[in-house]
Number of protein chains: 2
Amino acid sequence: MTDPASPAASDTDDLTDRLRKAGFRITRPRQIILSIIASQAGHPDARDIFQEAVKQDARISLATVYRTMKLLEDEGVIQRHAFEGGPARFEAAEGDHHDHLIDIETGAVVEFTSERIEALQEEIADRLGYEIVHHRLELYGRRKNT
Amino acid sequence: MTDPASPAASDTDDLTDRLRKAGFRITRPRQIILSIIASQAGHPDARDIFQEAVKQDARISLATVYRTMKLLEDEGVIQRHAFEGGPARFEAAEGDHHDHLIDIETGAVVEFTSERIEALQEEIADRLGYEIVHHRLELYGRRKNT
DNA sequence: ATGATATTGAGAACTGTTTGCAATAAGGTC
DNA sequence: GACCTTATTGCAAACAGTTCTCAATATCAT
Ligand SMILES: [Mn+2]
Ligand SMILES: [Mn+2]
Ligand SMILES: [Zn+2]
Ligand SMILES: [Zn+2]
């Protein structure tokens, strides 16, 4: 038992194992960042994660957050989004694929899925002679005055 | 007759009228940039436009290109795209709405439309209680080996 | 415990874009 | 056309987000 106060212990352990097996060293910054993305909901940006991390270890640097996000993205642990305007935002890549609707007034991010849209995308790419590697569907809107 | 060598004269004239009526001064940089976006096909970035512009007037600055693109975007003359990674890219906003497929190997941009996808987007936003202001659908893929 | 080296923190560098400011020029008025 | 007001420009500095350089440090296999 290393840290009785750490949250989301099992998720984090899964991820550390995954990284260890991939030949990466399990450093303190990486453990902290992993625990943050495992527990944290939403779509935090690098600065959000950095600020959380600093609470647990004041000497962590923003550069390390960026480096770790890159690593985790390459490992398929997280996904990176580039919503309009702002900095890149991240989320754990556990669940199924989904797309996003962004409230242009509040910045809130709503997730949704549509098998039909996904299928249509494939169909279109296919017709154009392409194979989709990844895609990006973002709806920007405002809440209806019901 | 002001400049017998200028290309895409009528399109450009339409646009200058539009700007003039909106109360903007028709400056040399603006005329040049307008003629470039009116003639140029594709999805050039600010640097592309700048390089073209410099050929016609060596003293034009990149800052003015950015300022003009902002103005033209606000006026609805052009559309701005933020494809993955690179700088913002622009295109004349004459035609109908369309979305993009980007060849991740060559960077080529293929345009497509899908009324069905557009309709589904509306449906989804509606169901979530939102009204779509704009959206972004980008497919990133590679050419099929057929 | 030791050693090889992957990783870190700090800050410089970088890319794309915006901004402050003095100089310039567009276009309305005479 | 000359004159005036002020929008627009060029330049450079500032900015935001991200990546990189490099010496110091920490991980982990032995
Ligand atoms: Mn999400
Ligand atoms: Mn297009
Ligand atoms: Zn999708
Ligand atoms: Zn569309």
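Naming: A, B, ... by sequence-line order, numbering from 1 per chain.
The nearest whole Å value for the distance from the CD1 atom in A/Ile33 to the P atom in C/dT7 is 13 Å. What separates CG of B/Leu71 from P of D/dA7 is a distance of 13 Å, to the nearest Å. Atom-to-atom, CG of B/Asp48 to P of C/dG16 comes out at 11 Å; the value is rounded to the nearest Å. Between the P atom of C/dG9 and the CZ atom of A/Arg28 lies a distance of 10 Å, rounded to the nearest Å. B/Gln31 places its CD atom 13 Å from the P atom of D/dT8, with the value rounded to the nearest Å. Rounding to whole angstrom units, CD1 of residue B/Ile32 and C1' of D/dT8 are separated by 14 Å. A/Leu62 has its CG atom 13 Å from the P atom of D/dA16, to the nearest Å. The interatomic distance linking B/Arg89 (CZ) with C/dG16 (C1') rounds to 14 Å, in whole Å.
Summarising the local packing, CZ of A/Arg142 is surrounded by 12 or fewer heavy atoms from other residues, nucleotides or ligands at distances under 6.0 Å.
Looking at heavy-atom distances under 4.0 Å, A/Arg59 makes contact with sugar-phosphate atoms alone, never a base.
Both A/Val133 and B/Val109 are members of a single hydrophobic cluster when ILVMFWY side chains are connected at heavy-atom separations under 4.5 Å.
With DNA chain C read from its 5' end, the first of the two nearest nucleotides for B/Ala63 and B/Phe24 is the one closest to B/Ala63.
In this structure, B/Thr64 contributes its side chain and B/Ile60 its backbone to no donor-acceptor pair below 3.5 Å.
Side-chain atoms of A/Arg25 lie closest to C/dA6 of the nucleotides C/dA6, D/dG10, C/dG9. Distance from the side chain of B/Pro87 is smallest to C/dT17 among C/dA6, D/dA7, C/dT17.
Distances shorter than 4.0 Å separate none of the side-chain N or O atoms of A/Tyr66 from OP1 or OP2 on D/dT19. Between B/Arg30 and D/dT8, a side-chain N or O to OP1/OP2 separation shorter than 4.0 Å is present. Between A/Thr27 and D/dT27, a side-chain N or O to OP1/OP2 separation shorter than 4.0 Å is absent.
Side-chain atoms of A/Arg67 come within donor-acceptor range of the base of D/dT21, with a qualifying N/O pair under 3.5 Å.
Sorted by first then second residue, the side chain to side chain donor-acceptor pair (under 3.5 Å) pairs that include residues 85-97 of chain B, not counting sequence neighbours, are B/His43-B/Glu91, B/His81-B/Glu91, B/Glu91-B/His98, B/Glu91-B/His100, B/His97-B/Asp99, B/His97-B/Glu118, B/His97-B/His135.
There is no side-chain donor-acceptor pair under 3.5 Å between A/His134 and A/Gln79.
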